[in-house]
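Structure record follows, encoded as structure tokens.
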Amino acid sequence: MRESVRDRLLAGYDGTADRDGVSGKRLADRLAALALIGETEDGGVNRPGFSAEEKLAKEQVMEWMREAGLDVRMDGAGNVIGRLEGKADGPAFAAGSHVDSVPNGGNFDGPLGVLSALEVVEAWKETGYEPPVPVEVIIFSEEEGSRFGAGIMGSQAMTGDLGREALSALSDSDGNSLEKVISAYGTSMDAFLEAARDPKEIGFYAEIHIEQGKLLEQAGLPAGIVKGIAGPAWLNAIFRGTAGHAGNTPMIGRRDPLVAAGRFVHEVSSLPARFSDTAVATVGKLNVSPNGANVIPEEVALTVDIRDLDKDARDGLVRKVRETAELCAAEAGVEVELNLASSIDPVPVTDEVREELAQVFGQAGIRPMELMSGAGHDAMILGRHVPMAMIFVKSIGGISHNPAEWSDLDDCIAAVHLLKRFAEKRMEKMAGDEG
């Protein structure tokens with residue numbers, strides 16, 4: 001019988017980190033409760049954006065928010081905002097993440113960020129701490145993008161970075177338009193667009209997230225400081241040749257687009273190192289047409305995912321990938337069509353914020369290791385408009401987007417304490433600035 005999420009979390013937890021109002025058992029209970037919503041046979045979760053399961057998870061957290069004394073609302077984009085008023089008015093200190101998942105995803109990607117932020121509020125309630133400025137715990141909608149192929153939608157709606165035309169073009173794999181889906185969810189396209197807020201309402205955003213990599217584990221550290229979020233650029237390539245019979249078409253003179261695409265994929269893997277130590281390029285999706293075992297392909301379509309923390313290096317890599325595609329096509333005697341489908345600028349964390357985090361880590365006796373985030377997060381969207389910080393939590397084996405995804409409770413609670421202390425220091429600064 002598979003060990004429950006709660007039992008596994010608590011098995012190695014001795015409670016010594018339960019101080020200053022923070023409770024490991026409470027966090028474990030809540031992570032375990034969300035793990036049951038959309039649970040899969042092998043212990044993962046299916047909670048697509050704007051699904052009944054995702055909404056149920058939000059409603060459960062909303063109940064916990066109210067019990068913690070927060071005023072709770074859901075905006076037209078399905079984002080949940082739990083608000084705690086401070087000693088004075090002014091821009092809020094916000095923290096959170098998401099509760100939607102990829103298909104058969106893990107139990108920490110997203111929920112840990114939401115529940116950690118809520119745990120900080122619970123700790124303040126138990127210790128009688130009154131924040132100097134308003135505090136918001138936020139659950140963003142459709143962060144993963146697994147349903148509509150367009151992630152970080154809730155945070156983009158909140159910052160006003162989405163338009164009606166782009167939203168109207170979206171549909172899921174079943175052919176349901178976004179407008180139809182959100183109508184069944186209880187909102188509308190007009191309400192979705194009205195979720196945009198005045199940027200001045202939020203003065204700072206912080207997010208705890210699992211690392212989704214092995215660097216913290218290799219360093220023996222429970223948590224680390226994110227120095228920036230890489231900007232992704234997606235380059236679509238379509239190689240076109242001439243279809244033919246695999247047996248009757250001589251090798252000489254063939255116009256095989258898969259030969260060009262295959263060489264291109266191989267060449268792409270060697271390009272990032274020429275531009276920076278943090279650049280990456282990945283071909284994870286490739287469609288061959290007509291895709292017959294005995295047919296020379298007519299067309300091969302693929303997407304190259306290119307990312308780096310340095311925008312100039314990332315853009316230089318994009319140009320080199322383009323040149324490589326054209327060279328591979330020319331040498332194989334085929335054509336190639338290239339289209340930059342999307343390009344999002346990297347979002348660095350400021351030196352000031354990283355220094356503040358380093359001080360907090362040092363006070364906790366944790367070496368302040370800095371890491372780059374290669375994945376996109378809601379913090380990337382908020383970070384375009386307001387100062388932001390991210391704390392990564394150690395991922396066992398670096399596994400993510402998988403039922404085996406795991407972070408030990410000791411490490412999760414260590415991150416909660418770090419967020420709590422950082423939030424208190426940052427809010428004092430925010431209150432001083434307002435004064």
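Values below: every heavy atom of this structure, side chains too, minus hydrogens, waters and symmetry copies. As the structure is a computational prediction, the values presented were derived from the model and not from experiment. Positions are given from 1, in the same order as the sequence printed here.
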Report yes if some heavy atom in the side chain of [X] is under 4.5 Å from a heavy atom in the side chain of [Y]; otherwise report no.
X      : Y      : answer
Val336 : Glu326 : yes
Cys412 : Leu27  : yes
Val280 : Ile306 : no
Val120 : Leu118 : no
Leu9   : Asp29  : no
Val349 : Glu370 : no
His98  : Val114 : no
Ser168 : Leu178 : no

(request) Determine, for Asp75 against Arg73, whether the closest basic-nitrogen to carboxylate-oxygen distance falls under 4.0 angstrom. (result)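 Here Asp75 does not pair with Arg73 in a salt bridge, since their nearest N and O are not under 4.0 Å apart.
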
(request) In plain terms, say whether Asp190 and Arg164 are close enough for a salt bridge, that is, a side-chain N and a carboxylate O under 4.0 Å apart. (result)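 Judged by the 4.0 Å cut-off on N to carboxylate O distance, Asp190 and Arg164 do form a salt bridge.
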
Between [Y] and [X], do the side chains contain a donor N or O and an acceptor N or O under 3.5 Å apart?
X      : Y      : result
Thr278 : Asp308 : yes
His401 : Asp109 : yes
Asp408 : Tyr13  : no
Thr40  : Asn46  : no
Arg314 : Ser343 : yes
His417 : Asp20  : no
Thr159 : Asp161 : yes
Thr303 : Asn236 : yes

(request) Quick one: list whatever passes side-chain hydrogen bond (donor to acceptor under 3.5 Å, both in side chains) with Ser373, sequence neighbours left out. (result) His377

(message) Test of understanding: with side-chain hydrogen bond (donor to acceptor under 3.5 Å, both in side chains), list the residues that count as partners of Asp310, not counting sequence neighbours.
(response)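 In terms of side-chain hydrogen bond (donor to acceptor under 3.5 Å, both in side chains), with neighbours along the sequence ignored, Asp310 is linked to no residue.
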
(message) What verdict does the salt bridge (charged side-chain N to carboxylate O under 4.0 Å, His left out) test give for Glu356 and Lys425, after you've listed the backbone C-alpha separation in whole Å, the side-chain angles of each residue and the deciding distance to 0.1 Å?
(response) CA-CA 8 Å; Glu356 288 180 21; Lys425 290 171 67 71; over 6 Å; no

(request) Check the pair Lys420, Glu424 against salt bridge (charged side-chain N to carboxylate O under 4.0 Å, His left out), reporting the backbone distance first and the verdict last. (result) CA-CA 6 Å; Lys420 177 175 176 293; Glu424 290 166 0; 3.0 Å; yes

(request) Taking ring-ring contact (aromatic ring centres under 6.0 Å, His included) as the test, write out the residues that go with Tyr185, two or more places apart. (result)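 Expected list: Phe50.
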
(message) With side chain to side chain donor-acceptor pair (under 3.5 Å) as the criterion, how do Lys58 and Ser141 come out once you've worked through the C-alpha distance, each side chain's angles and the decisive distance to 0.1 Å?
(response) CA-CA 9 Å; Lys58 286 177 178 174; Ser141 296; 2.7 Å; yes

(request) Identify the two heavy atoms, one from Ala431 and one from Pro132, that lie closest to each other, and give their separation to 0.1 Å. (result)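 Closest approach of Ala431 to Pro132, heavy atoms only: CB-CB, 3.9 Å.
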
(message) Pair Val304, Val268 - check side-chain contact (heavy atoms from CB on, under 4.5 Å), show working.
(response) CA-CA 9 Å; Val304 190; Val268 162; 4.1 Å; yes

(message) Tell me which pairs pass salt bridge (Lys or Arg N to Asp or Glu O under 4.0 Å) where either residue lies in residues 123-139, with sequence neighbours left out.
(response) Arg26-Glu126, Arg83-Glu136, Glu136-Arg197

(message) Go through it in stages, so that I can follow the logic: the residues are Asp100 and Arg47, the test is salt bridge (charged side-chain N to carboxylate O under 4.0 Å, His left out), and I'd like the CA-CA distance, side-chain angles, deciding distance and then a yes or no.
(response) CA-CA 5 Å; Asp100 64 303; Arg47 289 196 297 264; over 6 Å; no

Hey, does the side chain of [X] reach the backbone of [Y] with a donor-acceptor pair shorter than 3.5 angstrom?
X      : Y      : answer
Asn287 : Val300 : no
Glu217 : Gly397 : yes
Asp198 : Glu201 : no

(request) Flag the pair Phe361 / Phe422 as yes when their ring centroid distance falls below 6.0 Å, and as no otherwise. (result) no

(request) Evaluate the ring planes of Phe264 and Phe239, with Trp represented by its six-membered ring, and classify them as parallel (under 30°), tilted (30 to 60°) or perpendicular (over 60°). (result)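 Tilted, since the angle between the ring planes falls between 30° and 60°.
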
(message) Can you list everything that forms a side-chain contact (heavy atoms from CB on, under 4.5 Å) with Ser270? Sequence neighbours excluded, please.
(response)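 With sequence neighbours excluded, Ser270 shows a side-chain contact (heavy atoms from CB on, under 4.5 Å) to Glu267, Arg274, given in chain and number order.
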
(message) Test of understanding: with side-chain contact (heavy atoms from CB on, under 4.5 Å), list the residues that count as partners of Glu337, not counting sequence neighbours.
(response) Ile238, Arg240

(message) If the test is side chain to side chain donor-acceptor pair (under 3.5 Å), which one of Ser400, Ser395, Ser101 qualifies with Glu405?
(response)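 By the side chain to side chain donor-acceptor pair (under 3.5 Å) criterion, Glu405 pairs with just one of Ser400, Ser395, Ser101: Ser400.
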
(message) Are there over 12 heavy-atom neighbours, none belonging to Asp277, within less than 6.0 Å of that residue's CG?
(response) no

(request) Could you walk me through whether Ser289 and Glu299 pass the side chain to side chain donor-acceptor pair (under 3.5 Å) test, one step at a time? (result) CA-CA 5 Å; Ser289 178; Glu299 182 177 289; 5.7 Å; no

